[in-house]
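Take a look at the structure below.
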Amino acid sequence: MQLASSLSHDWAKSLCIGFANWLWQRHKQAPNLCAKYRTNHLIIQQLDATFVEVADISSKALLSNFGTAAIRRHLLLFKYLQEALGFHISQQEKSDASDAQRIHQNLLDNRNQPWASILIGYVSWLEDQKVLLRTRRLYLSTAVSFCQAVKIKTAFWDEKNAYKFLRTNPGCEANTSKFVTYCRDVLGWRVAMPRVNHGKTVAKPPRTVSRLKLLLARVKENGIEQTDQNTLRSILAISLGIKSSALKEIDGSSFMQINTSLFLRVGDESIKIPDSLDQISEAYMKSLSHKDPRASSLDEHETSSN
């Protein structure tokens, strides 16, 4: 093949021809088969230029060199590579690679800020503490927001701004506390976690309170195991002060157990779920596991996106 002959390594030429045959066997009826093959050939060229031996190609190496975005765009080729080379890129590996990339990008975006070196040290410290990668990303995201809000300088920050940040971002207290601990115990700063009483700011409209009571009564009447997903989601949304539509976009992986507490990741923040909502949260997570809306065919996804 002409495309294969342009490659340097024999193993790359073999993969190029093998992918063409694999694509023909799997999708011979596709009208855009030739265009799809040529689009993926660019990735094969990059493989040829990046790796010396085919044995160097692994799930970790592919995620490190191409990232999850490229793998999503070229699902058919990467599916073929996994079959041909005998390895599997797990969902956990993809998630970890995505979190690692977001950490790297966050540090890169703040490289010219006064707190750049503080954040780099913080991430390294979290890694030494064996903090999970996804949790590290959340901690870093909160630390960045905190640094921006308090206009952090060497060895101190404005306590009024810190207090204001926590008042306006109540879901960030646990994450912020981790950063304060680092600054105090590791950097030796004379700082403390501001004490914030959110009691006066929790003003729930009567209509919201009435709806929550109605939903909880429904759970009590039907039993938590028989309660539908919409009811469970509404209870969590009202109780945590987030929109039900936002919660609907979240899957079970957004619920995290940190020490003995359960947290819900929403965007770049994590919200501690009160102990009183543990059973509701567990039932909701269980309902999500029955049907994952993202569980679509890889082939269908690539075919429809190309």
Side-chain angles (χ1 to χ4, degrees), residues 90-96 98-99 102 130-139 141-142 166-178 193 195-297 301:
S90 69
Q91 188 59 44
Q92 184 62 52
E93 286 178 306
K94 292 177 185 177
S95 178
D96 287 347
S98 177
D99 287 333
R102 291 174 72 176
K130 308 299 182 184
V131 176
L132 293 176
L133 187 59
R134 174 166 292 186
T135 308
R136 265 183 269 159
R137 176 176 65 79
L138 294 172
Y139 280 154
S141 178
T142 301
L166 293 173
R167 282 290 295 253
T168 54
N169 299 276
C172 294
E173 285 191 46
N175 291 6
T176 303
S177 178
K178 194 75 172 179
M193 183 71 178
R195 294 184 178 181
V196 181
N197 181 9
H198 297 287
K200 295 181 179 180
T201 64
V202 183
K204 297 180 180 179
R207 183 179 299 177
T208 303
V209 175
S210 299
R211 174 158 173 73
L212 182 58
K213 288 182 177 179
L214 180 64
L215 293 169
L216 290 173
R218 187 183 302 171
V219 173
K220 185 176 181 180
E221 179 182 353
N222 298 332
I224 196 166
E225 294 295 336
Q226 301 301 320
T227 302
D228 63 275
Q229 188 182 95
N230 289 336
T231 298
L232 296 170
R233 180 169 55 244
S234 296
I235 292 173
L236 286 173
I238 294 172
S239 301
L240 300 177
I242 59 179
K243 293 183 178 180
S244 182
S245 57
L247 188 55
K248 192 173 183 179
E249 300 299 321
I250 293 172
D251 62 18
S253 65
S254 295
F255 290 86
M256 304 175 297
Q257 191 77 32
I258 302 178
N259 296 326
T260 59
S261 300
L262 185 64
F263 287 80
L264 172 63
R265 178 168 57 85
V266 182
D268 287 330
E269 306 299 341
S270 59
I271 302 173
K272 183 180 184 301
I273 297 177
D275 294 343
S276 58
L277 291 176
D278 278 354
Q279 288 187 318
I280 297 292
S281 302
E282 290 173 5
Y284 184 64
M285 286 188 285
K286 185 177 180 180
S287 72
L288 290 176
S289 67
H290 292 325
K291 181 180 180 182
D292 187 345
R294 302 176 307 168
S296 56
S297 166
H301 180 86

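Values below: every heavy atom of this structure, side chains too, minus hydrogens, waters and symmetry copies. What you are looking at is a predicted structure, and each value in this text was computed from that prediction instead of being measured.
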Exercise for the section: Verify side chain to side chain contact (heavy atoms under 4.5 Å, CB included) between L288 and Q229, making sure each step is shown before the conclusion. Expected result: CA-CA 8 Å; L288 290 176; Q229 188 182 95; 3.8 Å; yes
Side chains of [X] and [Y]: closer than 4.5 Å at any heavy-atom pair?
| X | Y | answer |
| --- | --- | --- |
| R211 | S234 | yes |
| T227 | I280 | no |
| R102 | S98 | yes |
| I273 | F263 | no |
| M256 | L264 | no |

Which heavy atom of [X] sits nearest to which heavy atom of [Y], and what is that distance?
| X | Y | result |
| --- | --- | --- |
| Y284 | K248 | OH-CA, 4.5 Å |
| T231 | R218 | OG1-NH1, 3.1 Å |
| L215 | I235 | CB-CG1, 3.6 Å |
| S239 | L212 | OG-CD1, 3.9 Å |
| Q279 | I224 | O-CD1, 3.3 Å |

Handout entry: D278 and S281 side chains, donor-acceptor separation under 3.5 Å
Key = no
Problem - R134 and S95: side chain donor to acceptor below 3.5 Å - result: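 The answer is yes; a qualifying pair exists.
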Can you tell me how far [atom2] of [Y] sits from [atom1] of [X], rounded to the nearest 0.5 angstrom?
| X | Y | atom1 | atom2 | result |
| --- | --- | --- | --- | --- |
| Q91 | D96 | CD | CG | 10.0 Å |
| I238 | L247 | CD1 | CG | 11.0 Å |
| L132 | R137 | CG | CZ | 12.0 Å |
| I271 | E173 | CD1 | CD | 12.0 Å |

Problem - Donor-acceptor under 3.5 Å (T135 side chain, V131 main chain) - result: no
Handout entry: Main-chain N/O of C172 paired with T176 side-chain donor or acceptor, under 3.5 Å
Key =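 Checking the backbone N and O of C172 against the side chain of T176, a donor-acceptor pair under 3.5 Å is found.
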Problem - K286/E225 ion pair, N-O < 4.0 Å - result: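 Salt bridge between K286 and E225, a charged N being under 4.0 Å from a carboxylate O: yes.
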Handout entry: Verdict with reasoning, L262 to L277, per side chain to side chain contact (heavy atoms under 4.5 Å, CB included)
Key = CA-CA 10 Å; L262 185 64; L277 291 176; over 6 Å; no
